[in-house]
*Asks:* 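This is the structure I want to talk about, given as structure tokens.
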Amino acid sequence: MDSRFLHLLESNIPPTPFEVIAIQAEVERFSSKTHPTQHDAEVEATLERYRGILSPIRQIPSEIWGEIFYFATPAAVNEEDKDDLIDICCVCSTWYEAALHAHGLWANIKLVPLPEGKKYIYDNLVSWLARSGELKKGLEYRSNVWEDYDPEDEDDDPTEEGFCPCHSGGDCMWIGDPVVARLLTEGPLLLHRFSFRNMYPRCIGNAMQSFQLAKSGSPSTQPWKQVQELELRMHTASWQGGWDSSSELPFRLIPPSVTSLLICLPRYCQAFDDEMECRRAKIDIPPAILGQLTSLVLVCEWGPLHMATMLHHCRNLETLRLEFGPAGICTRELIHELDDPFIRRVQVEGGIHLSKLHTLRIYDGAQSPILFLQWIKTPALRFLDLETTGSSSICPSWIEALDDFVTRSGCARSIQYLRLASNSRSCFLEKRYFNEKTGLFLSSLSSLKYLTFTNLPIVPVLRTDFQNIEDPSNHGWLPQLQSLQFLHCWEYYPSLNFDQLLISLRKRGRQAPCWIKIEECLKGAELQDAEHQLRTMSELLRAELGVSLCFSPGVED
């Protein structure tokens, strides 16, 4: 090989434009020497080297490599991921430089309890996070859970996952290693996010107290006193013991700098023996902390009373996500909670006023998210996402409850995104979801741009006469609509008669350009028939209304 190109052969450096021209000339020269019927191993090896230098992969900019590494690496890097990332850096100098300049790779780390006799190295943690440059930094602090269990390690006991010795009178594992406390109290880097995951409330309180009481460092510069996003994930793989006063400690130690809060509470059946014990439990967050929150995520099976009590102080919320859990408080106990004086007062006042809230997501397990809407007012709401199992026996009509909520809040002309979904495909609750007022309600959302139905009986909606719109301010059905999705909504109507959809869209008239997606799990002849119908309808819609339509077979659960 020409000595001019040895530096390219021994590295992944991309050739310059002049070098590319010279190497291409060499390839042509060697190729002309090779006869098709002859085999010259030395010439072919040289050609292979030259072609490797000209490989397009060498031309990929380091910024692109950094993005590839970022998407191939977990958001929070643990011990195993750290080794994988270091291996990437050791491949070549190009990859090393690309990884160093991809600051997102180094911005979040995940720590777990180390085996006895081992401790984290303070300087290593600081050095790792420092590579993230000016990006916001995060630390995840969690117990060992099932994915950490090594079946080949005889010393590991999978029944002990999430267990802490303090529950049997020993020392809490979360104050045994002072390195993390030092990082949170005197570290040179400010942390934006801090997350406790799969830990007992008592253990979270012990860790937070060790940060709170640390004497080193100035309060104005301590990383713990500057955290803005805090996650308290109290679910554990194996809960031991009930809820007591020590479990409430973490709520009282939330730093005053926090503006985004996530709370994931233990399962109702594991934390409490009866309803009264649950009612006496406290999510004792100071009102001043709640009053400055702009984002709140609450995963709670304990009934609406705890949620409503917190929201009463959250006057500056902009985004809210509520999850009721898979199997929480029973219907009898829920009805008893609805009779609470605080809940009654909230209902009389028309709901808790959340004047700045623009994004609301409510996901439930046994209880309906619709039920919770009667306790809040959101005049600035733009994004509404509701999902239910539909299994609650006191679930009201969706449309009537939604209409009441939107009217009471005065947000009909501000809502731009609406998603209504059920994770249950049972059709016996069909009348609870939609009725003859469905079309009128949807037509009142004059600014709606994105509408999605998932696992819901949509045929009754399509049969609604959208021409009977009484409000003269409405100029057709959903004039601003840009995206309409029906995901698994035809399952219980085997004929898949899409004529109703075509009729409804024609009644809508020629409005803003709209993209429609239909996804359904179909097989064989039924799939072919549906595709044929939709292909025909797609051509009609594009010609008549400028509507683009696509169909996806979907995936079976």
Side-chain angles (χ1 to χ4, degrees), residues 296-298 300 303-305 307-312 314-315 317-324 334-335 337-338 340 342-364 367-390 392 394-422 429 431-454 456 461 464 469-471 473-474 478 480:
L296 174 63
V297 178
L298 182 59
C300 174
L305 180 59
M307 292 184 173
T309 304
M310 287 181 59
L311 290 178
H312 181 66
C314 298
R315 301 300 184 183
L317 274 187
E318 297 176 7
T319 64
L320 173 62
R321 177 179 176 131
L322 300 176
E323 296 187 26
F324 290 84
L334 179 60
I335 294 175
E337 280 208 350
L338 300 183
D340 184 87
F342 176 76
I343 294 293
R344 289 205 308 269
R345 179 165 64 87
V346 165
Q347 290 178 308
V348 170
E349 295 174 353
I352 299 168
H353 192 68
L354 303 174
S355 59
K356 298 182 181 181
L357 194 74
H358 57 72
T359 300
L360 175 61
R361 295 180 173 92
I362 305 182
Y363 307 122
D364 81 316
Q367 315 306 331
S368 170
I370 294 294
L371 191 64
F372 200 85
L373 295 179
Q374 64 184 299
W375 298 318
I376 57 176
K377 289 189 296 186
T378 57
L381 193 64
R382 298 196 302 269
F383 185 109
L384 180 58
D385 187 356
L386 305 175
E387 182 172 323
T388 181
T389 60
S392 175
I394 60 174
C395 172
S397 166
W398 276 52
I399 292 303
E400 292 179 359
L402 275 171
D403 188 44
D404 173 73
F405 164 69
V406 169
T407 302
R408 180 164 33 82
S409 298
C411 59
R413 287 178 170 79
S414 66
I415 293 180
Q416 299 180 14
Y417 177 100
L418 175 63
R419 175 179 175 264
L420 302 177
S422 171
L429 292 172
K431 294 182 180 179
R432 287 185 181 170
Y433 294 122
F434 304 122
N435 55 30
E436 66 280 357
K437 298 179 181 179
T438 301
L440 189 61
F441 167 71
L442 291 175
S443 297
S444 70
L445 308 179
S446 56
S447 298
L448 194 64
K449 295 181 180 180
Y450 307 94
L451 177 60
T452 298
F453 299 99
T454 303
L456 291 173
V461 177
T464 304
I469 301 174
E470 300 173 2
D471 187 351
S473 65
N474 286 315
L478 303 178
Q480 304 297 323

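Heavy-atom basis, side chains included; hydrogens, waters and symmetry copies ignored.
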*Asks:* Just wondering, do L320 and T359 contact through their side chains at under 4.5 Å, heavy atoms?
*Replies:* no
*Asks:* Side chains of L298 and R321: closer than 4.5 Å at any heavy-atom pair?
*Replies:* no
*Asks:* Donor-acceptor check, side chain of S409 to backbone of T378, threshold 3.5 angstrom: yes or no?
*Replies:* yes
*Asks:* Find the distance between CZ (F405) and CH2 (W375) and round it off to the nearest 0.5 Å.
*Replies:* 13.5 Å
*Asks:* Would you find a donor on one side and an acceptor on the other, under 3.5 Å apart, between the side chain of S414 and the backbone of R382?
*Replies:* no
*Asks:* How many angstroms lie between atom CD1 of I376 and atom SG of C314, to the nearest 0.5 angstrom?
*Replies:* 11.5 Å
*Asks:* Using a 4.5 Å cut-off on heavy atoms from C-beta on, say whether the side chain of S422 contacts that of T454.
*Replies:* no
*Asks:* Closer than 4.0 angstrom, basic N to acidic O: yes or no for E323 and R361?
*Replies:* no
*Asks:* Are any side-chain N or O atoms of S447 and backbone N or O atoms of R413, one a donor and one an acceptor, separated by less than 3.5 Å?
*Replies:* yes
*Asks:* Hey, does the side chain of S444 reach the backbone of F441 with a donor-acceptor pair shorter than 3.5 angstrom?
*Replies:* yes
*Asks:* Could you walk me through whether R408 and Q374 satisfy the side-chain contact (heavy atoms from CB on, under 4.5 Å) test, starting with their C-alpha distance in whole Å, then the side-chain angles of each, then the deciding distance to 0.1 Å, before giving a yes or no?
*Replies:* CA-CA 9 Å; R408 180 164 33 82; Q374 64 184 299; 4.2 Å; yes
*Asks:* What are the two closest non-hydrogen atoms of S355 and A380, and how far apart are they?
*Replies:* O-CB, 3.5 Å
*Asks:* Begin with the C-alpha distance, continue with both residues' side-chain angles, and end with the deciding distance and a verdict on side-chain contact (heavy atoms from CB on, under 4.5 Å) for R315 and I352.
*Replies:* CA-CA 9 Å; R315 301 300 184 183; I352 299 168; 4.2 Å; yes
*Asks:* Once you round to the nearest 0.5 Å, how far does NZ of K377 lie from NE2 of H353?
*Replies:* 6.0 Å
*Asks:* Go through it in stages, so that I can follow the logic: the residues are L420 and L402, the test is side-chain contact (heavy atoms from CB on, under 4.5 Å), and I'd like the CA-CA distance, side-chain angles, deciding distance and then a yes or no.
*Replies:* CA-CA 11 Å; L420 302 177; L402 275 171; 3.9 Å; yes
*Asks:* Run the side-chain contact (heavy atoms from CB on, under 4.5 Å) test on M307 and F324 for me, step by step, so that the C-alpha distance in whole Å, both residues' side-chain angles and the decisive distance to 0.1 Å come before the verdict.
*Replies:* CA-CA 10 Å; M307 292 184 173; F324 290 84; 3.9 Å; yes
*Asks:* As a test of understanding, state which of L373, L317, I415, L354 forms a side-chain contact (heavy atoms from CB on, under 4.5 Å) with L360.
*Replies:* L373
*Asks:* Between atom SG of C411 and atom CD of Q416, what is the distance when rounded to the nearest 0.5 Å?
*Replies:* 12.0 Å
*Asks:* How many angstroms lie between OH in Y417 and OG1 in T452, if you round to the nearest 0.5 Å?
*Replies:* 4.5 Å
*Asks:* My understanding is that only one of D385, L386, L322 makes a side-chain contact (heavy atoms from CB on, under 4.5 Å) with Y363; could you say which?
*Replies:* D385
